[in-house]
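Proteins come first, then strands; the chains are lettered A, B, ... in the order of their sequence lines, and each starts at number 1.
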Amino acid sequence: MTEADLIIVGAGPAGMAAASTAAEGGAGVLLLDRQSRPGGQAFSGVTVNGDRREFLGKDYLAGRILVDALHNSNIVAEYGASVWRLERGARVVWSQNDVSHISSAPHVLLAGGAQERPTPFPGWTLPGVMSAGAAQLLMKNAGLLPRDAVLAGSGPLLYLLAAQMIDTGARPKALVETQTRLSLLKASRHLPQALLAATTLLKGLRLIRRIRNAGVPGFTGASGFRVRQIADGDLSFSFNARGQEHSFTTPLLLTHQGVVPSTHISRASGVDHVWSDAQSAYQPVTDEWGATNVPGLHIAGDGAGIGGAEAAEAAGRLAAFDILHQLGRLSEDQRNRSAAGPRSALRRAMAIRPFLDAAYAPSRELSEPVGETIVCRCEEVSADEIRKSLIDSAQGPRHIKAATRAGMGPCQGRMCDLTVCGVLASCGADMSAPRARTPINPVRLGELAALAPSQET
Amino acid sequence: MKTASRFLARPDAGSGITMMLDGAPVTAPPGDTVAAAVLAHSGAAFRRTEKDTPRAAYCIMGVCLRSTVSRTVRAA
Amino acid sequence: MSTRSPDITIIGGGVVGLSLAVGLLREGRSVTVLDGPDSDHRASQGNFGLVWLQGKGVDFAPYAHLSCDAVAAWPEFASLIQELSGTDLALRQSGGFEFFTDAAEFAEFAAGLKQQQSFLGNRFSHDVIQGDDLRRSHPEIGAGVVGATFSAQDGHVNPLRLLCALRRSVAALGGEIVPGARVTHISAAGPGFDITLHSGERRSTERVVLAAGLGSASLAGILGFQTPVRPQRGELLITEKLATRLPFLSSTIRQVDEGGLQVGGTKADAGYDDSETLDAMASLAQHAVTVFPALRDLRVIRAWGALRVMTPDGYPVYACSPVHPGAYLVTCHSGVTLAPLHGGPLAHWIDNSAEAPDLEAFDEDRFALSCAA
């Protein structure tokens with residue numbers, strides 16, 4: 001058993017910033033991350049990419065500063081370490097190289113980040129349809145550049161990805177966006193506030209201009225997504241825009257609808273969650289320091305509500321200061337004074353969120369699918385089957401799961417919970433946050449058996 | 001029939017670790033995940049579901065738990 | 001609302017309540033099932049799906065007979081439900097093992113089966129197999145297994161599909177299921193009862209059957225029942241799907257028809273806490289790899305806890321209210337095994353017709369007697 005003052009789950013911007021802040025404050029930190037290197041999704045592979053993938057941009061390479069700060073004797077970092085359970089009393093169960101360990105500490109910080117929102121439409125399970133985030137990770141970690149790809153959906157990540165593809169000579173074949181002029185108009189009331197994050201706003205505008213200048217065909221207000229397999233593994237992607245049907249043949253369709261907090265671990269750990277209308281997602285309930293209703297458990301970064309890397313870094317520091325205070329290493333006054341810088345950074349970074357959330361709100365068609373569209377990829381449950389089980393007097397997420405098996409596969413609902421929720425909401429049914437259970441990640445029976453009491457001697 | 005990769009050929013292709021994919025040798029740089037190595041060489045389905053529909057990698061970040069292959073290739 | 005009040009209202013939309021509804025509807029009664037909110041405890045959504053005879057009623061002959069009748073009636077009940085609902089229940093009664101890793105437990109269970117055999121005579125068959133003999137016929141069984149018992153009468157169903165199919169069957173037979181209906185009060189109203197829901201809605205009914213599992217506790221007293229039901233937590237694991245079929249069925253390890261392996265069988269008094277615990281998860285996994293070492297590399301994708309509905313002696317209670325004629329209490333923890341009984345002969349008992357089975361041994365007055373003694 002490893003003992004520490006603080007166990008941090010996730011070495012992305014929030015987790016890295018929290019680790020170095022807590023360590024500098026004298027706390028012993030155990031930092032656990034599933035990937036083989038620090039960085040999280042935002043800075044995935046930043047330690048090895050160095051200057052060889054400059055197209056990833058200055059913001060990305062800045063992640064190295066956070067990584068470098070992890071060189072602190074108070075930090076023990078374990079990579080390839082997949083946390084699969086939090087125990088009451090702040091014990092963390094994690095697996096590394098097929099062996100599970102139990103570590104305990106008075107404080108745990110969840111910094112598990114975000115996942116992409118599912119984008120169900122007819123054909124989205126076909127080989128060649130991937131998430132935009134997946135393509136970005138393959139660029140960052142493997143130098144794989146999408147070939148003649150079509151980008152579809154909504155959200156700033158699509159612009160970043162498209163611009164990076166253009167810079168590397170892998171120009172997208174088209175950028176097909178679902179947001180409408182109306183949603184942009186509605187979002188514009190948040191623009192005055194967003195001006196606090198003017199640099200981010202300007203970066204976004206520059207990206208859009210670069211994509212336009214590169215001559216990438218662009219569509220907005222697109223609907224009716226459908227994709228089918230044609231010869232040689234190519235896909236035919238069709239949609240409606242500007243009052244007519246369009247179709248592209250492509251080997252790779254990259255979809256995106258924004259990101260949502262990864263709440264599997266927080267839901268399985270007894271943290272209260274609420275539905276956020278603004279972000280159309282479940283969020284854990286936290287205070288201004290990231291503390292939750294579970295004693296000893298903080299959450300920081302996108303896992304507590306989407307804000308992006310800069311917001312996550314600031315939130316990570318705030319949580320660390322609060323934990324240092326609770327550990328008796330900072331007085332309340334010291335904590336509050338230390339928090340001033342990160343808090344204003346957080347405010348700046350979050351200023352643009354209401355605008356982005358409104359401008360790139362998920363398309364209703366992709367959130368509340370109908371017909372044969374697969375909702376649960378693991379168990380291959382269609383939107384129709386979910387709706388039919390509602391008619392068979394199912395009432396809420398648990399009933400739906402028991403009746404259809406949606407959410408019972410290896411991903412345990414990560415890819416369908418929000419869609420099931422959308423379908424339920426469209427039918428006026430209960431959409432409370434579904435319960436999550438452990439193990440958070442699959443674990444081998446033999447590995448689990450080794451934790452049995454009689455094996456401990 | 002071989003389905004072409006959905007990604008551009010990498011400049012460093014041809015050096016690294018050689019492994020067998022569907023009976024043919026393919027090369028991947030050290031540190032590549034198996035999923036990345038396979039995607040670099042083939043656009044074909046990774047598997048077929050119980051309902052016999054083809055699937056390949058989707059999210060690459062361990063969310064759908066179907067696109068990560070947990071073994072990392074290391075140089076011998 | 002101008003709906004006529006039903007002959008019978010069943011409080012509880014789990015396997016027990018829905019089975020009762022099927023039986024009563026088939027007798028021509030009009031039936032309403034009040035099902036609670038999605039967040040209720042619902043043993044019917046967390047159970048193991050065994051249709052099991054071994055060890056049932058080893059010290060209580062009436063329960064041994066009841067279980068034996070129910071197991072024998074399962075094939076016919078399954079085809080009825082499958083026909084009504086269009087849902088395959090995946091009933092397999094191909095025999096099942098109880099595996100033991102502890103010699104004393106093995107001996108004690110085998111002695112219990114001998115007793116059960118003495119109650120049931122030739123209606124029950126079982127084998128007691130020593131570990132080495134077992135491994136000769138099943139070489140995949142691990143060296144840590146000291147022995148097993150086997151009965152060719154044991155089997156399993158897909159419990160979630162059973163629940164879903166029963167719901168569809170009730171609808172197909174013209175019954176009404178009211179979802180999200182939490183009952184807050186029941187009062188006798190001349191002949192019949194008035195039922196008040198949490199929503200404020202009131203419903204009247206001629207007769208009422210309380211089959212709400214743990215939810216029965218708060219309503220039983222109002223109707224003059226005394227049985228205290230208590231929760232007993234059981235924990236289960238489910239693995240990723242296995243392409244091949246497991247070569248055996250046991251009361252603790254079974255392969256669901258979709259392919260995943262379920263491991264279960266823990267018992268704990270933890271109040272109403274249905275969390276999964278690390279100790280139980282680890283001990284279930286240890287049991288699985290001890291029995292069948294080749295399962296070592298199979299990955300667990302979910303663990304969960306569910307609450308069994310236990311009466312003081314663990315046996316079912318079938319009771320008519322001594323205070324309010326027309327009110328019945330039905331509670332048990334083997335609702336899947338007993339479903340054919342609940343969906344058949346029990347309707348006659350509620351109707352008090354000539355064909356009614358003799359269920360006197362299951363009246364709740366047995367607890368009053370044991371308290372007095």
Give, for atom [atom1] of [X] and atom [atom2] of [Y], the distance between the pair rounded to the nearest 0.5 Å.
X	Y	atom1	atom2	value
Tyr58(B)	Thr255(A)	OH	OG1	4.0 Å
Lys51(B)	Thr125(A)	NZ	OG1	11.0 Å
Ile60(B)	Lys140(A)	CD1	NZ	13.0 Å
Glu380(A)	Arg55(B)	CD	CZ	5.0 Å
Leu144(A)	Asp32(B)	CG	CG	6.5 Å
Cys59(B)	Leu137(A)	SG	CG	8.5 Å

If you define the side chain from C-beta out and look only at heavy atoms, does anything of Asn141(A) sit under 4.5 Å from Thr33(B)?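 No. Closest side-chain heavy atoms not under 4.5 Å.
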Under a 4.5 Å cut-off applied to non-hydrogen side-chain atoms, are Phe7(B) and Leu252(A) in contact?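 Sidechains of Leu252(A) and Phe7(B): in contact.
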The criterion is side-chain contact (heavy atoms from CB on, under 4.5 Å); which residues satisfy it with Ala281(A), sequence neighbours excluded?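 Partners of Ala281(A) under the side-chain contact (heavy atoms from CB on, under 4.5 Å) test: Val260(A), Pro261(A).
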Interface moiety of Ser262(A) toward chain B, non-hydrogen atoms closer than 4.5 Å: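 The answer is neither part of Ser262(A).
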Short question: side chain of Arg147(A), backbone of Leu8(B) - any donor-acceptor pair under 3.5 Å?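 Not a single qualifying donor-acceptor pair exists.
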For the pair Arg6(B) (side chain) and Gly233(A) (backbone), establish whether a donor and an acceptor sit closer than 3.5 Å, ignoring hydrogens and angles.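 Such a contact is found between Arg6(B) side chain and Gly233(A) backbone.
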Identify, with sequence neighbours excluded, every residue that meets ring-ring contact (aromatic ring centres under 6.0 Å, His included) alongside Phe237(A).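 Partners of Phe237(A) by the ring-ring contact (aromatic ring centres under 6.0 Å, His included) criterion, ordered by chain and then number, come out as Phe225(A), Phe239(A).
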Which of Pro146(A), Ala149(A), Gly169(A) touches chain B most, by non-hydrogen pairs under 4.5 Å: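 Ranked by contacts with chain B, first place is Pro146(A).
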Which heavy atom of Pro127(A) sits nearest a heavy atom of Gly43(B), and at what distance?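 Closest heavy-atom pair between Pro127(A) and Gly43(B): CB-O, 4.3 Å.
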